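The structure displayed is predicted, hence computed values, not measured ones. Values below: every heavy atom of this structure, side chains too, minus hydrogens, waters and symmetry copies.
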Number of protein chains: 2
Amino acid sequence: MATIIDVAKKAGVSKSTVSRVLTNNGYVSEESKQKVLDAMDEIGYIPNLLARQLQSGVTKTIGFIAPSYMSSMGKFLQVFMESAKNNGYFVNLYLTSGDKQKEIEALNQLKYKQVDGIFILTRTNEWDVIKPFKQYGPLSTWNRIEEDWIYSSFVDHYEGYLMALNYLYRQGYQKIGHVLGFYKNLNTKARVKALKEFHEVNHLPLDEKWLIQSNFKKNGGRQIANMWVESTDRPEVLAFYSDQTAAEFISEIELLGFSCPKDVGVLGFDNNEVSELMHISTVDYSLEKQASNSFAYLYNELNEKKIPIQELKIQLIERKTLRRL
Amino acid sequence: MATIIDVAKKAGVSKSTVSRVLTNNGYVSEESKQKVLDAMDEIGYIPNLLARQLQSGVTKTIGFIAPSYMSSMGKFLQVFMESAKNNGYFVNLYLTSGDKQKEIEALNQLKYKQVDGIFILTRTNEWDVIKPFKQYGPLSTWNRIEEDWIYSSFVDHYEGYLMALNYLYRQGYQKIGHVLGFYKNLNTKARVKALKEFHEVNHLPLDEKWLIQSNFKKNGGRQIANMWVESTDRPEVLAFYSDQTAAEFISEIELLGFSCPKDVGVLGFDNNEVSELMHISTVDYSLEKQASNSFAYLYNELNEKKIPIQELKIQLIERKTLRRL
DNA sequence: CTGTTAGCGCGTTCAA
DNA sequence: TTGAACGCGCTAACAG
């Protein structure tokens with residue numbers, strides 16, 4: 001490994017001079033500069049980033065924590081990384097398998113100065129245990145949370161869900177089932193609020209049996225499909241908290257000889273790849289913009305130059321899993 | 001940032017002693033050890049990994065290069081990262097968008113000592129430009145390549161494809177269309193060899209029009225669907241090189257009023273999430289094992305302790321997109 | 001068993 | 001405009 005000193009010797013100058021041309025800092029005569037450049041070329045010199053980072057205390061990399069590889073993550077990760085790359089940052093990916101300890105290890109990377117900031121797609125630990133890491137660098141998340149120590153790129157699921165439910169109502173659906181996410185999630189709470197209001201305003205009975213808290217496990221949608229098939233009092237339509245779960249549901253009922261929207265309507269949420277493939281009507285909420293905002297926040301905290309945060313929109317995408325009037 | 005020196009002062013020992021208890025190297029009296037431990041606790045000392053790495057020249061992280069976020073990548077990435085984590089490695093992800101320059105930047109991370117080894121899911125640059133990086137650390141790839149400077153975790157697509165085609169034949173399919181990947185890809189070449197042999201042996205005419213070199217672009221499957229619909233001489237079944245493309249094809253023909261396997265049979269390849277969701281018959285070729293092998297190779301090159309390489313198997317998964325006799 | 005010393009590779013004063 | 005010297009935080013060789 002050639003070092004700055006080898007270059008200095010070769011060029012017949014001191015290592016400080018080499019450092020100066022490397023960083024473009026301070027005065028260097030054209031002559032020495034040329035000598036140094038030539039020497040670097042000859043030797044094939046490569047600066048050691050590690051040493052630089054140790055010196056500057058900056059790694060130019062962001063940690064991306066996710067519980068596991070979810071299909072809805074794809075687009076998000078792609079855009080996040082794109083933004084990062086465009087702004088000179090690398091991305092370190094940590095998959096925790098939903099293991100609290102592993103999440104902490106990943107967060108520790110911030111302490112250990114291995115990353116400058118961290119993005120948490122979906123948290124596993126309580127916020128209380130995550131919060132202390134804030135002192136080591138900026139945090140941002142996809143979870144919905146309204147606090148000042150962490151940035152959350154979220155859209156208002158209350159409004160989004162209400163809009164979606166009203167759409168279902170206009171299509172003539174009356175018996176609506178709801179498949180929600182983790183109950184502690186703020187998005188879930190927002191949705192619960194929306195759906196209670198919706199049922200109340202429209203005088204529709206709310207069947208608690210079809211107010212499902214999905215447990216996030218893989219193939220949760222398939223379990224719900226079996227529930228639905230075995231049910232004696234089936235809802236006409238199911239509104240899911242994610243396209244993935246909706247896709248699993250549809251996949252399973254098809255296996256069981258049912259079809260959609262003939263036997264049951266399905267509304268997804270995310271507008272991800274799978275929903276397009278399977279023609280699932282869904283709600284788009286600017287996932288791409290959320291991703292770039294998530295990075296933008298971290299970047300803005302870390303640098304002087306600011307990237308603007310983009311505004312988010314919610315929009316219903318009509319495809320083929322809901323009946324049309 | 002508390003350093004090793006702060007701890008030393010607090011404990012009333014020298015920094016070497018602190019270092020010794022930190023690394024469990026050399027002799028330390030129980031007494032000093034306890035003092036140091038207490039001091040670290042009080043101060044809330046966190047070792048700086050960067051400094052350690054600078055010292056040791058090792059980062060314990062592997063670079064994972066992929067052209068873009070592909071859905072088939074999910075399972076692979078998940079398993080790869082799992083193996084890495086279990087063996088004490090981090091993973092740095094680089095998405096290149098198929099940009100050669102970006103791929104080189106990522107490879108440079110190996111030079112810059114930012115990663116100890118690199119895995120290339122799918123290359124963008126020619127092998128010639130990738131090869132020189134081998135001198136900076138071990139390389140491994142998902143591409144098929146048989147050379148000694150890079151490890152390739154591949155299965156024999158010749159045998160796999162032949163097996164699949166024979167299955168189609170046994171199900172009574174005679175007019176078979178083939179959708180292949182990038183023509184320079186060795187897997188594609190292996191498949192071409194297999195299909196030519198298959199058509200020859202079974203005396204089936206090979207319609208060159210349905211020997212398609214997909215261009216890897218997004219929604220390539222949809223284009224093929226349109227081709228198929230407009231064709232006057234449609235094949236009875238299409239064998240795809242990937243589940244993703246097969247899924248796009250099916251999605252599109254459904255949009256156009258056709259269905260599968262009634263109007264056309266479809267065979268995918270990968271056995272990924274999407275194919276399960278959409279009931280696509282496909283070929284499983286131990287993707288998980290390939291992923292863990294890919295990491296295992298890098299690990300083995302980097303360490304004394306060896307992880308065994310697992311053997312791969314190819315297997316046809318029957319679902320619902322092929323007719324059954 | 002412990003402290004002193006010398007690096008790892010680089011950036012940055014401070015004089016000259 | 002340049003070089004000497006110091007420091008980033010840590011490990012390891014050496015002497016005691």
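The aromatic ring centroids of B:Phe64 and B:Phe80 lie less than 6.0 Å from each other.
In this structure, CG of A:Leu50 is placed 12 Å from C1' of D:dC10, rounded to the nearest angstrom.
Under a 4.0 Å N-O distance rule, the pair B:Glu288/B:Lys75 qualifies as a salt bridge.
For A:Lys35, the NZ atom sits in a packed shell: over 12 heavy atoms of surrounding residues, nucleotides or ligands are nearer than 6.0 Å.
In the set C:dT12, C:dG9, D:dT11, the nucleotide with an atom closest to the side chain of A:Thr3 is C:dG9. For B:Arg20, taking side-chain heavy atoms from C-beta onward, the closest of the listed nucleotides D:dC14, D:dG3, C:dC10 is D:dC14. The listed nucleotides are C:dG9, D:dG3, D:dC14; the one nearest the side chain of A:Ser16 is D:dG3. The listed nucleotides are D:dA4, C:dC10, D:dC10; the one nearest the side chain of A:Asn48 is C:dC10.
For the pair B:Ser56 and C:dC8, the criterion of a side-chain N or O lying under 4.0 Å from OP1 or OP2 is not met. Contact annotation: B:Tyr27 does not reach the phosphate of D:dA12 (side-chain N/O to OP1 or OP2, under 4.0 Å).
Side chain A:Lys15 to base C:dG11: a donor-acceptor pair is found below 3.5 Å.
Between B:Glu30 and B:Ala51, the residue whose closest nucleotide on DNA chain C is further toward the 5' end is B:Glu30.
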